[in-house]
Novice: 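To start, I am sharing the structure in question, which I have written as structure tokens.
Note that the structure is predicted; figures quoted are calculated from it, not measured.
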Amino acid sequence: NHLGQGRAPAAISGYLRDLAGWPDEVVPLDPGEHELRQGDYARVHRFSPPGRVNEYFVVENRSGLGTDASLPSSGLAVFHCDTLGSNEWEDGTRERHYQLALVQADGHLDLETNRNTGDAGDLFGAASGVVLSHDTTPPSRLWDGTGSGLVISDVGAPGAALRIRAGAAPPAGGTVAGEAAPDLL
């Protein structure tokens, strides 16, 4: 525990709460808008890539309120989870990776390289457009390097409620209209 000079325990991550069977609801991170409530320990918001059982992502609102008041960062936490991983494996490779890894918004991998125990760049703050996908830094790729399909965009400001959009970001300039003329011959 590194919060509040060792006097303030951090909230248990959604991943560990889910493993222990504590949440009342696991909310699939389907395409669309989602509201994440800070301190809502009864829910876990989870993105499960198609065909994967053990590897998935959990997102949480970790705004600097309540038990998160002493966190070095405030905003959206994205955890890359793999029940077959080990928190003794810092390699970040297909074969040797963490069971629970924070996808650090700044892409620096400070936690894996022991540069620090957390900093202001670790969580995703308010931002328009795509903040996490297969080709962003950091990426939402699976441990084997393939795309997970997770896309997060339009992250709201940290606070008691934080809004995000999952799935493809809306195109610039609004909706796209068009016509289809299938060849039925």
Novice: Please report the closest heavy-atom contact between Ser153 and Gly167, naming both atoms and the distance.
Specialist: OG-O, 4.4 Å

Novice: Treating Arg46 as the side-chain partner and Val58 as the backbone partner, does any N or O pair qualify as donor plus acceptor under 3.5 Å?
Specialist: no

Novice: Between Arg62 and Asp122, is the closest basic N to carboxylate O distance under 4.0 Å?
Specialist: no

Novice: Is there a side-chain contact between Val59 and Phe47, using heavy atoms and a 4.5 Å cut-off?
Specialist: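 No, side chains not in contact.
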
Novice: Quick check on Glu25: does its CD atom have over 12 non-hydrogen neighbours (other residues, nucleotides or ligands) under 6.0 Å away?
Specialist: yes

Novice: When you measure from the side chain of Arg17 to the backbone of Ile12, do you find a donor-acceptor pair of N or O atoms at a distance under 3.5 Å?
Specialist: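 Flag set: sc Arg17 to bb Ile12 pair under 3.5 Å.
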
Novice: Test Glu112 against Tyr98 for side chain to side chain donor-acceptor pair (under 3.5 Å), laying out the working first.
Specialist: CA-CA 9 Å; Glu112 290 81 357; Tyr98 282 148; 5.5 Å; no

Novice: Would you compute the distance between atom OG1 of Thr83 and atom CD of Glu55 and round it to the nearest 0.5 angstrom?
Specialist: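 So the OG1 of Thr83 and the CD of Glu55 are separated by 9.5 Å.
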
Novice: Quick one: do His80 and Trp143 satisfy side chain to side chain contact (heavy atoms under 4.5 Å, CB included)? Show the steps, please.
Specialist: CA-CA 9 Å; His80 188 171; Trp143 287 116; 3.3 Å; yes

Novice: What distance do Asn61 atom CG and Ser74 atom OG have between them, rounded to the nearest 0.5 Å?
Specialist: 7.5 Å

Novice: Would a hydrophobic clustering, with Ile, Leu, Val, Met, Phe, Trp and Tyr connected at side-chain separations under 4.5 Å, put Tyr15 with Trp22?
Specialist: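 Tyr15 clusters together with Trp22.
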
Novice: Just say parallel, tilted or perpendicular for the rings of His97 and Trp89, cut-offs at 30° and 60°.
Specialist: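 Perpendicular: the ring planes of His97 and Trp89 meet at over 60°.
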
Novice: For Val103 versus Pro138, what's the shortest heavy-atom pair and its separation?
Specialist: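 Minimum heavy-atom contact is CG1-CG, 3.6 Å.
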
Novice: Test your reading of the model: is there a side-chain donor-acceptor pair from Asp154 to the backbone of Gly129, 3.5 Å cut-off?
Specialist: yes

Novice: Are any non-hydrogen side-chain atoms of Glu60 and Ser13 less than 4.5 angstrom apart?
Specialist: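 Yes, close enough: below the 4.5 Å cut-off.
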
Novice: Please report the interatomic distance CD1(Ile164) to NE2(His45), rounded to the nearest 0.5 Å.
Specialist: 8.0 Å

Novice: Is Ser148 reaching over with its side chain to a backbone N or O of Ser140, donor-acceptor style, under 3.5 angstrom?
Specialist: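 Flag set: sc Ser148 to bb Ser140 pair under 3.5 Å.
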
Novice: Of all the heavy-atom pairs spanning Pro158 and Gly75, show the shortest one and how long it is.
Specialist: CG-CA, 3.8 Å

Novice: Would a distance-only check, ignoring hydrogens and angles, find a side-chain to backbone donor-acceptor pair under 3.5 Å from Ser73 to Leu123?
Specialist: yes

Novice: Okay, side chain of Asp144, backbone of Arg94: is any donor-acceptor separation there less than 3.5 Å?
Specialist: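 Absent.
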
Novice: Flag yes if Leu16 and Leu111 sit in one hydrophobic cluster, no otherwise; membership is Ile, Leu, Val, Met, Phe, Trp, Tyr, and two members link when side-chain heavy atoms are under 4.5 Å apart.
Specialist: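 Per the 4.5 Å side-chain linkage, Leu16 and Leu111 are co-clustered.
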
Novice: Measure across Ala127 and Val131 and return the closest heavy-atom pair with its distance rounded to 0.1 Å.
Specialist: CB-CG1, 3.6 Å

Novice: Identify the heavy atoms of Val78 and Leu102 that sit nearest to each other, and give their distance.
Specialist: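 Shortest heavy-atom contact: O-CD1, 3.5 Å.
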
Novice: Please answer whether the main-chain N or O of Gly159 pairs with a side-chain N or O of Ser63 as donor and acceptor at a distance below 3.5 Å.
Specialist: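 At least one qualifying donor-acceptor pair exists.
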
Novice: For residues Val44 and Tyr56: do they belong to one hydrophobic cluster (side chain heavy atoms under 4.5 Å, members Ile, Leu, Val, Met, Phe, Trp, Tyr)?
Specialist: yes

Novice: Tell me, with the steps shown, if Leu162 and Val155 meet side chain to side chain contact (heavy atoms under 4.5 Å, CB included).
Specialist: CA-CA 7 Å; Leu162 186 146; Val155 176; 4.0 Å; yes

Novice: Using the rule that two of Ile, Leu, Val, Met, Phe, Trp, Tyr join whenever any of their side-chain heavy atoms come within less than 4.5 Å, decide whether Leu29 and Val151 are in one cluster.
Specialist: no

Novice: Is it the case that the side chain of Thr146 and the backbone of Leu142 share a donor-acceptor pair, with hydrogens and angles ignored and the cut-off at 3.5 Å?
Specialist: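 Not a single qualifying donor-acceptor pair exists.
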
Novice: Are Leu132 and Leu36 connected, step by step, through hydrophobic side chains (Ile, Leu, Val, Met, Phe, Trp, Tyr) whose heavy atoms are closer than 4.5 Å?
Specialist: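 Yes, one cluster joins them.
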
Novice: Which pair of heavy atoms, one from Gln104 and one from Asp110, lies closest together, and at what distance?
Specialist: OE1-N, 3.0 Å

Novice: Does one side chain, of Gln38 or Asp68, offer a donor that lies under 3.5 Å from an acceptor on the other?
Specialist: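 Present: a donor and an acceptor within the cut-off.
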
